[in-house]
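Every heavy atom of this structure was used, including side-chain atoms; hydrogens, water molecules and symmetry mates were not. Counting begins at 1 with the first residue of the sequence.
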Amino acid sequence: MDTNTLLILAGGVVLIALAAVIIPYINASRRFAGYTELRGDARAIEHFLKGETFRDMDDLVITGNTEGYRTTIRFSQDENTPAVSLRMDVPATFDLVIVPKDSPVTEGGQAVRTGNDQFDAKWVVRTTQPTQARIFVAGNTAMAQIRKLCCSSKTYVNLERGALEISELTIPEGSPSRHLIDHMESMAIVGKQLALMPGAGQVKVERVSAPRPTNKVLGVVIAIVAVCTGIVALANYEHSKGMDASVGAGGSPVGIPSDEALYIPNLQGWRLAARPDFDPALVDWMKQSNAQPAGRLEGDFSGGGAGNDHAYLLVNATGAHRLVVMTGKDVKFDQPFGVVQLVAKVPKSSIRDIKINTGSPATGNADGILLVMNKDDLHSGLVLSFNGSSPVTAVPENYKSTSLE
């Protein structure tokens with residue numbers, strides 16, 4: 001990629017990254033408008049519920065699950081509604097209202113006593129189903145949690161079929177999140193005690209659905225996808241420009257005469273390897289042997305003595321390599337290779353002097369072709385030559401001991 005392309009790409013990445021940070025920040029600011037002081041507590045409650053936070057008109061709402069029970073917390077600034085309401089879906093089969101002793105609320109059916117004189121002195125319990133209510137409050141576990149829920153004279157408890165609701169007229173002081181989480185834990189215990197009551201199995205209690213990914217997570221995902229897509233598109237564009245530039249007269253790749261390219265099969269998508277495709281260290285080593293790096297080699301590869309054969313190292317869009325050897329109009333060899341860091345001609349006068357690690361020794365009647373796969377591995381060289389029409393390959397003990405003169 002050129003400098004301008006890199007600058008454009010970098011600028012795009014920066015803008016997308018900023019958007020991924022700023023957009024969630026703006027959304028959070030809107031969500032907590034008017035409730036800024038509760039932002040930390042709301043996040044702690046959301047984490048406890050493994051839920052999500054959203055706005056319902058002017059109210060701030062958090063929903064999730066407490067030990068399998070669907071739970072909703074609502075913060076409100078309306079003068080006619082409690083400051084905090086907690087609602088939990090529980091398997092309740094009867095109604096129960098608990099209000100402070102001095103509360104003007106008288107609805108809720110018949111007053112019943114819990115048997116706890118200290119509690120009954122401060123609170124009034126009403127129900128339309130006194131028998132079930134008495135059985136329930138007689139339990140030590142349930143009553144212990146009810147006493148925790150009735151934490152102040154500004155707290156109201158309402159139990160109805162399928163739900164338990166706690167209302168607090170003011171936001172708890174100190175740590176609201178800790179206070180409310182304690183309430184939710186107590187409500188969940190009450191829910192489990194209600195599940196033991198006769199007929200509780202007939203009350204359907206559903207969990208809240210898992211929250212969708214937040215805008216912040218979604219923004220980051222979109223940013224990553226956009227950046228990756230942009231990089232791929234730019235890379236493809238740059239490569240297509242490079243491939244276009246490698247096409248010469250008559251549609252053949254630059255460096256391959258059109259009359260020779262005509263006889264190379266499936267040439268579309270391939271170009272002739274050039275000096276930039278070779279490893280720089282290997283190019284320097286090649287120059288020490290007075291040889292010049294090139295993707296097109298001329299020599300006597302067939303052993304006919306004319307010396308007008310040609311070998312081509314081709315490269316495609318994926319970086320794969322392909323070696324094609326031609327004698328006149330005939331293709332003698334056409335094979336793919338994964339990675340080739342250098343190609344060079346080995347003169348017939350020195351090819352038999354190569355110390356071979358594996359493979360077949362050359363006859364010395366034809367020039368050979370050296371392919372180096374990994375400059376750091378001295379055994380990664382491959383010498384290709386021909387015995388008549390049959391290819392002969394050998395792996396030198398040290399490719400750098402191969403003479404290219």
Side-chain angles (χ1 to χ4, degrees), residues 252-253 255-274 277-278 282 285-286 289-316 320-375 377-405:
S252 62
I256 303 180
S258 58
D259 58 338
E260 296 177 14
L262 183 64
Y263 298 98
I264 300 178
N266 305 317
L267 193 54
Q268 184 176 2
W270 295 89
R271 63 177 177 83
L272 186 66
D277 296 303
F278 303 140
L282 292 176
W285 168 73
M286 189 175 185
S289 299
N290 298 320
Q292 295 298 320
R296 181 177 185 267
L297 306 179
E298 296 182 354
D300 179 18
F301 302 118
S302 63
N308 57 357
D309 302 332
H310 302 95
Y312 301 96
L313 181 65
L314 306 177
V315 184
N316 68 5
H321 293 75
R322 172 185 172 191
L323 181 66
V324 178
V325 182
M326 297 183 64
T327 301
K329 299 178 180 179
D330 297 327
V331 175
K332 292 178 62 68
F333 185 87
D334 187 352
Q335 293 292 330
F337 291 86
V339 176
V340 177
Q341 295 184 345
L342 185 73
V343 64
K345 185 181 77 171
V346 182
K348 64 177 72 175
S349 58
S350 59
I351 195 170
R352 297 188 67 177
D353 296 331
I354 300 174
K355 294 183 179 180
I356 297 174
N357 185 29
T358 58
S360 302
T363 62
N365 297 324
D367 296 328
I369 301 169
L370 171 66
L371 300 169
V372 180
M373 317 304 178
N374 182 356
K375 68 179 179 64
D377 183 359
L378 298 178
H379 300 291
S380 70
L382 177 69
V383 175
L384 170 69
S385 61
F386 291 89
N387 183 7
S389 60
S390 301
V392 178
T393 58
V395 176
E397 290 183 358
N398 182 348
Y399 71 81
K400 286 192 174 181
S401 65
T402 304
S403 174
L404 305 181
E405 296 182 328

Worksheet, complete the sentence: Closest non-hydrogen contact found for S403 with P347 is O-CD, 3.6 Å
Worksheet entry | Partners meeting side chain to side chain contact (heavy atoms under 4.5 Å, CB included) with A273 (sequence neighbours left out) | D277, F278, L313, V315
Worksheet item: Quick one: does D367's side chain get under 4.5 Å of V346's, heavy atoms only?
Response: no
Worksheet item: Which atom names give the shortest non-hydrogen contact between Y263 and M326, and what distance separates them?
Response: CB-CE, 3.9 Å
Worksheet entry | Where at least one partner belongs to residues 322-331, residue pairs that pass salt bridge (charged side-chain N to carboxylate O under 4.0 Å, His left out), sequence neighbours excluded | R322-D334
Worksheet item: What pair of heavy atoms forms the shortest contact from A366 to S302, and how long is it?
Response: CB-C, 4.2 Å
Worksheet item: With E298, which residues qualify under salt bridge (charged side-chain N to carboxylate O under 4.0 Å, His left out), at least two apart?
Response: R296
Practice prompt. Check side chain to side chain contact (heavy atoms under 4.5 Å, CB included) between D259 and all other residues, then give those that pass, not counting sequence neighbours.
Written response: P257
Fill in: Under the salt bridge (charged side-chain N to carboxylate O under 4.0 Å, His left out) test, residues paired with K375 that sit two or more places apart
none
Discussion item. Rounded to the nearest 0.5 Å, what separates atom CG in L370 from atom NZ in K345?
Written reply: 13.0 Å
Response to the item:
To the nearest 0.5 Å, atom CG of L342 lies from atom CG of N374 at 12.5 Å
Worksheet item: Going by heavy atoms in the side chains, are Q268 and W270 under 4.5 Å from each other?
Response: no
Worksheet item: Who passes side chain to side chain donor-acceptor pair (under 3.5 Å) against S385, sequence neighbours left out?
Response: none
Item to complete: Kindly compute the distance separating CE (M286) from CG (L404), expressed to the nearest 0.5 Å.
Response: 6.0 Å
Worksheet item: Do T393 and L382 touch side chain to side chain, with heavy atoms closer than 4.5 Å?
Response: yes
Worksheet, complete the sentence: One should read off an interatomic distance between I351 CD1 and T402 OG1, to the nearest 0.5 angstrom, of 9.0 Å
Worksheet, complete the sentence: Sequence neighbours excluded, the answer for salt bridge (charged side-chain N to carboxylate O under 4.0 Å, His left out) partners of D300 is K348
Worksheet item: Should V392 and L384 count as side-chain neighbours, where that means a heavy-atom distance under 4.5 Å?
Response: no
Discussion item. The criterion is side chain to side chain contact (heavy atoms under 4.5 Å, CB included); which residues satisfy it with A394, sequence neighbours excluded?
Written reply: I356
Practice prompt. Apply side-chain contact (heavy atoms from CB on, under 4.5 Å) to the pair V372 and V340, showing each step before the final yes or no.
Written response: CA-CA 6 Å; V372 180; V340 177; over 6 Å; no
Worksheet item: Do the side chains of M373 and V339 get nearer than 4.5 Å, heavy atoms only?
Response: no
Fill in: Sequence-distant partners of N398, side chain to side chain contact (heavy atoms under 4.5 Å, CB included), two or more places apart
L378, K400, S401
Practice prompt. To the nearest 0.5 angstrom, please state how far the CD atom of E397 sits from the CG atom of N357.
Written response: 6.0 Å
Fill in: Where Q341 and L282 come nearest, the two heavy atoms and their spacing
CB-CD1, 3.7 Å
Worksheet item: Do the numbers put K332 on top of the ring of F301, so that NZ or CZ is under 6.0 Å from the six-membered ring centre and no more than 45° off the axis?
Response: no
Worksheet entry | Side-chain heavy-atom pair I369, V343 within 4.5 angstrom cut-off | yes
Practice prompt. For G381 and P396, work out which heavy atoms get closest and say how close.
Written response: O-CD, 3.3 Å
Worksheet item: Quick one: does L272's side chain get under 4.5 Å of L314's, heavy atoms only?
Response: yes
Practice prompt. List for me each residue that meets ring pair (Phe, Tyr, Trp, His ring centres under 6.0 Å) alongside Y399, sequence neighbours excluded, and say none if there are none.
Written response: W285
